**Student:** 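First the structure, then my questions, so here it is.
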Amino acid sequence: MAEKREKLVLVGNGMAGIGTIEQILKLGGAYDITVFGSEPHPNYNRIMLSYVLEGSKTLNDIILNDWNWYEDNNITLHTGTTVTRIDEGSKQVVTDNGMIVPYDKVIIATGSNSFILPVPGCDKEGVVGFRDIADCDAMLAAAKQYNKAAVIGGGLLGLEAAKGLVNLGMDVTVVHLMEDLMERQLDRNASSMLQAELERQGVKFAMGKQTVELTGEQRVSGLRFSDDSTLEADFVVMAVGIKPNVTLAKESGITVNRGIVVDDYLQTSMQNVYSIGECAEHRGVCYGLVAPLFEQGMVLAKYLCGSETKPYEGSIVSTKLKISGVDVFSAGEFLDSPEHTVISSKDEWKRTYKKILLKNNVIVGAVLFGDVTESANLQKLVKQGSVMTDEIYTEVMGTGCCGSGAKKGTSVEAMADEEIVCGCNGVTKKAIVDAVTEHGFSTVDEIKACTGATRSCGGCKPVVEQILQFVLGDSFQQAAKQGICGCTTLSRDEIVAEITAKGLKTTKEVMNVLEWKQEEGCSKCRPAINYYLGMMNPDTHQDEKESRFVNERMGANIQKDGTYTVIPRMYGGVTTPEDLKKIADVSLKYDVKVVKVTGGQRLDLIGVKKEDLPKVWEELDMPSGYGYAKSLRTVKTCVGSQFCRFGTQDSLGMGALIERKYERLDFPAKFKIAVNGCPRNCAESCTKDIGIVGNDGGWEVFIGGNGGIKPRIADSFCKIKTDEELIEVCSAVMQYYRETGNYLERTSEWVERMGLEQIQMVILNNEDNRKELAARIDFALTQVTDPWKKILNDSSTRTALFEETRV
Ligand SMILES: Cc1cc2nc3c(=O)[nH]c(=O)nc-3n(C[C@H](O)[C@H](O)[C@H](O)COP(=O)(O)OP(=O)(O)OC[C@H]3O[C@@H](n4cnc5c(N)ncnc54)[C@H](O)[C@@H]3O)c2cc1C
Ligand SMILES: NC(=O)c1ccc[n+]([C@@H]2O[C@H](COP(=O)([O-])OP(=O)(O)OC[C@H]3O[C@@H](n4cnc5c(N)ncnc54)[C@H](O)[C@@H]3O)[C@@H](O)[C@H]2O)c1
Ligand code: SF4
Ligand code: FES
């Protein structure tokens with residue numbers, strides 16, 4: 001009989017909790033896992049919010065475990081759901097929306113909340129903390145509308161927020177209580193060099209100021225300080241520290257102090273309930289950085305899986321400010337006292353500073369400014385409590401000035417196998433060496449995909465590179481070539497060429513023949529190869545459902561409460577009273593929560609239960625609108641010459657014709673079109689993949705527009721006289737994009753990468769090319785069928801997907 005699996009409930013879908021679950025999965029822990037998260041997102045890298053604000057990353061870039069990861073690992077995820085109580089007697093957790101879930105073990109990883117100074121006016125509009133995606137969105141939005149920002153708090157978070165807001169064009173003042181910035185990590189020397197550097201980069205400072213009131217009516221308009229001076233501000237970010245989130249533990253009767261009190265195996269005062277991360281208090285310390293959280297997670301995962309583990313005995317922390325052009329590092333002790341021996345050097349010309357603190361010759365702390373090349377090395381030395389030697393001195397201090405000195409590689413050679421290289425993700429030197437020697441990985445990206453090292457703050461990248469250099473020797477440089485994911489070093493073009501040359505037919509075959517490093521591939525390469533195979537062999541390729549993202553497998557978009565949305569086609573945004581009646585009847589019958597008019601001019605039935613999806617499709621009897629797919633989504637139209645007095649072309653008719661012609665076709669990414677009757681552009685062609693605008697003489701075509709996360713105004717592609725020419729050009733553009741686009745690359749990025757002139761040359765300057773591209777898309781179109789109808793006519797898929805418990 002199969003062994004009964006214990007039920008493990010994780011409360012808190014953040015880095016600490018999911019990091020622990022990843023370790024449990026690696027160790028083969030036999031648990032049925034359920035995860036609850038208050039935020040509506042899958043696990044993302046909170047650290048990287050600073051880069052999102054600064055503009056160097058998008059929200060998409062910082063997702064650590066996408067929806068498929070939970071799916072692939074059989075983890076039940078409830079986002080947007082807060083656990084309110086753990087009932088020890090009945091061994092159940094209870095949520096804010098009435099769910100009751102039994103458990104054998106619970107991990108509480110509820111993190112922290114921003115500390116909001118309790119001064120009058122702190123609840124005014126325009127006052128935010130900086131903790132999550134919602135805060136980050138609020139800051140990005142404020143920067144568009146307001147000009148004067150005050151960031152209260154000159155710690156790591158406040159400074160990263162301030163620099164981000166400066167990059168967004170705001171006039172920013174950091175208001176700091178103390179005389180020194182980052183006084184919890186830096187000494188006065190480093191602190192003043194940091195302030196000077198940030199001032200050069202446009203940040204203003206009000207030092208030694210205690211805020212006593214936020215002034216203004218409904219919205220904040222300024223700050224008043226204890227010395228009665230004031231500062232104007234129409235946006236305020238509070239970055240004055242964090243408060244462990246202990247509400248759930250407290251409500252459940254678990255012992256809490258500042259955080260949830262845990263022992264050396266992360267056990268709380270309640271049997272079978274553990275806690276890790278920022279919410280936990282271990283030996284009187286609550287940590288606010290990721291490295292300790294991963295260290296705790298490793299111990300807990302081993303403990304829960306019955307593997308041998310040392311107890312968790314606390315962490316020595318180090319920090320690095322993440323502001324481009326400002327290199328600051330601090331580890332261990334940083335303020336010198338008479339009991340310290342101090343090694344230091346300061347170069348005011350190069351603006352570098354280095355200080356190492358010894359106690360009885362043991363290295364107990366370090367501060368670096370300007371040149372942080374030795375940061376990983378010093379972090380290691382402080383953590384190990386190494387004794388200073390002449391050799392180490394030369395290595396970290398160079399020949400007595402701030403140079404980084406010693407021969408690179410010597411320190412990694414001397415590192416013990418079990419030494420942690422990536423503090424953020426708890427990755428040891430051995431794990432990295434094994435990834436190279438046993439799995440053949442050879443680039444930093446591959447090491448990242450395999451072990452997680454460099455995935456968070458990136459501070460360990462130099463050491464990972466040194467290890468690669470040490471193990472691979474000269475072949476490291478050559479190996480640095482990037483593949484489409486960590487499973488291969490082959491690029492998209494190389495894979496497509498190999499598929500053609502070797503006549504490969506399935507994703508498995510591609511991965512086998514092209515010697516994938518991970519036999520099963522990953523969620524990045526599998527959907528990409530499935531797309532390339534389908535695009536190249538539209539008539540023979542058997543679509544591989546298991547290689548598609550969950551929404552595409554289900555034919556609907558999953559929502560944060562586990563229900564789905566249904567969007568039927570409405571060609572050109574036009575519907576009929578009969579269809580509206582059907583939509584209303586079905587919505588009432590299946591208890592649809594909301595019927596929403598989408599930005600793409602159709603109706604979205606939100607909140608359909610999984611088991612009802614096939615019945616809803618059947619009773620609607622309308623084609624799928626592909627709201628979930630990398631395919632043609634909407635063709636937005638204005639009313640055009642049929643009704644509008646300015647209209648010069650029939651945009652309604654043309655929009656519907658285009659939508660009927662190209663629906664169901666796979667693209668590298670989602671694809672949107674708009675058709676307008678005149679240059680007034682009411683249907684907003686400028687933000688669509690293809691925008692079509694009527695004029696007196698015919699049509700003008702625009703390509704590469706995007707209104708999403710990285711907005712881009714479409715480029716004018718060509719002017720055309722007849723409807724037939726318009727269809728031919730649209731066909732050729734779409735097929736050229738299908739054939740040359742990287743999977744998940746939107747046309748906005750494709751146009752930038754290929755160059756507008758190149759696309760114009762291929763399509764406009766060569767009629768034969770254009771006609772061949774159009775013929776290939778026409779052939780592909782003969783092979784497509786409606787996915788909803790397909791599932792309705794296939795009872796085994798219907799049962800497997802919609803009637804059994806797991807997707
Ligand atoms: C902008 C920014 C930059 C940072 N940069 C760095 C850095 O460079 N280096 C570094 O080491 N650290 C950095 N940190 C700190 C680091 O991000 C945190 O230490 C880490 O994310 C904490 O992880 P956690 O899982 O303990 O908590 P969290 O990430 O806060 O996750 C807890 C999750 O649990 C959810 N939750 C809470 N209560 C409940 C409940 N009752 N039911 C269900 N869900 C619940 C919360 O909504 C949250 O999503 C940064 C933090 C921020 C905000
Ligand atoms: N690069 C990184 O490692 C990084 C980046 C961002 C955040 N974080 C982490 O996120 C958490 C939050 O960061 P944080 O900077 O808010 O916390 P923090 O506690 O490190 O710093 C808060 C700062 O605010 C100042 N302050 C307190 N009260 C004030 C007041 N009334 N007016 C003005 N200033 C006041 C303090 O003197 C302190 O310097 C921390 O755990 C931090 O380690 C780390
Ligand atoms: S784009 Fe021109 S034709 Fe279309 S609705 Fe607007 S004004 Fe009328
Ligand atoms: S130390 Fe932060 S990602 Fe490795």
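Everything numeric here is computed off the predicted structure, so don't read it as measured data. Both counts, for ligands and for their atoms, begin at 1 and track the order of listing.
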**Student:** Below 2.8 Å of atom 4 (Fe) of ligand 4, tally up the protein N/O/S atoms for me.
**Tutor:** 2

**Student:** Answer yes if the side chains of N189 and S191 hold a donor-acceptor pair under 3.5 Å, and no otherwise.
**Tutor:** no

**Student:** Looking at K320 and E160, is there a salt bridge between them, counting it only when a charged N and a carboxylate O are closer than 4.0 Å?
**Tutor:** no

**Student:** How about N676 and N681: does a side-chain donor come under 3.5 Å of a side-chain acceptor?
**Tutor:** yes

**Student:** What residues sit with at least one heavy atom under 4.0 Å from ligand 2?
**Tutor:** L117, I152, G153, G155, L156, L157, E160, V175, H176, L177, M178, E183, R184, A239, V240, G241, I242, G288, L289, K320, K322

**Student:** Tell me every residue that passes side chain to side chain contact (heavy atoms under 4.5 Å, CB included) with A143, counting only those two or more places apart in sequence or in another chain.
**Tutor:** L168, M170

**Student:** Show, in sequence, the C-alpha distance, side-chain angles and deciding distance for E22 and N65, and conclude whether the side chain to side chain donor-acceptor pair (under 3.5 Å) test is met.
**Tutor:** CA-CA 10 Å; E22 284 183 326; N65 303 79; 2.9 Å; yes

**Student:** With no hydrogens and no angle check, just 3.5 Å: does a side-chain donor-acceptor pair link Y353 and D187?
**Tutor:** yes

**Student:** Verify whether one side chain among Q296 and Y287 offers a donor that lies under 3.5 Å from an acceptor in the other.
**Tutor:** no

**Student:** For atom 6 (Fe) of ligand 3, which protein N/O/S atoms fall under 2.8 Å? Skip waters.
**Tutor:** C682 SG

**Student:** Going by distance alone, is a donor N or O of one side chain under 3.5 Å from an acceptor N or O of the other, for K209 and S229?
**Tutor:** yes

**Student:** Should H176 and E183 be marked as a side chain to side chain donor-acceptor pair (under 3.5 Å) after you check the CA-CA gap, both sets of side-chain angles, and the distance that decides it?
**Tutor:** CA-CA 10 Å; H176 194 49; E183 80 284 355; 3.1 Å; yes

**Student:** Less than 3.5 Å apart, any donor N or O on the side chain of N695 or E700 sitting next to an acceptor on the other?
**Tutor:** no

**Student:** Is it true that the side chains of W699 and D723 contain a donor and an acceptor less than 3.5 Å apart?
**Tutor:** yes

**Student:** Going by atom types only, do E278 and S112 share a side-chain donor-acceptor pair under 3.5 Å?
**Tutor:** yes

**Student:** Examine the side chains of Q649 and S651 and answer whether a donor and an acceptor come within less than 3.5 Å of each other.
**Tutor:** no

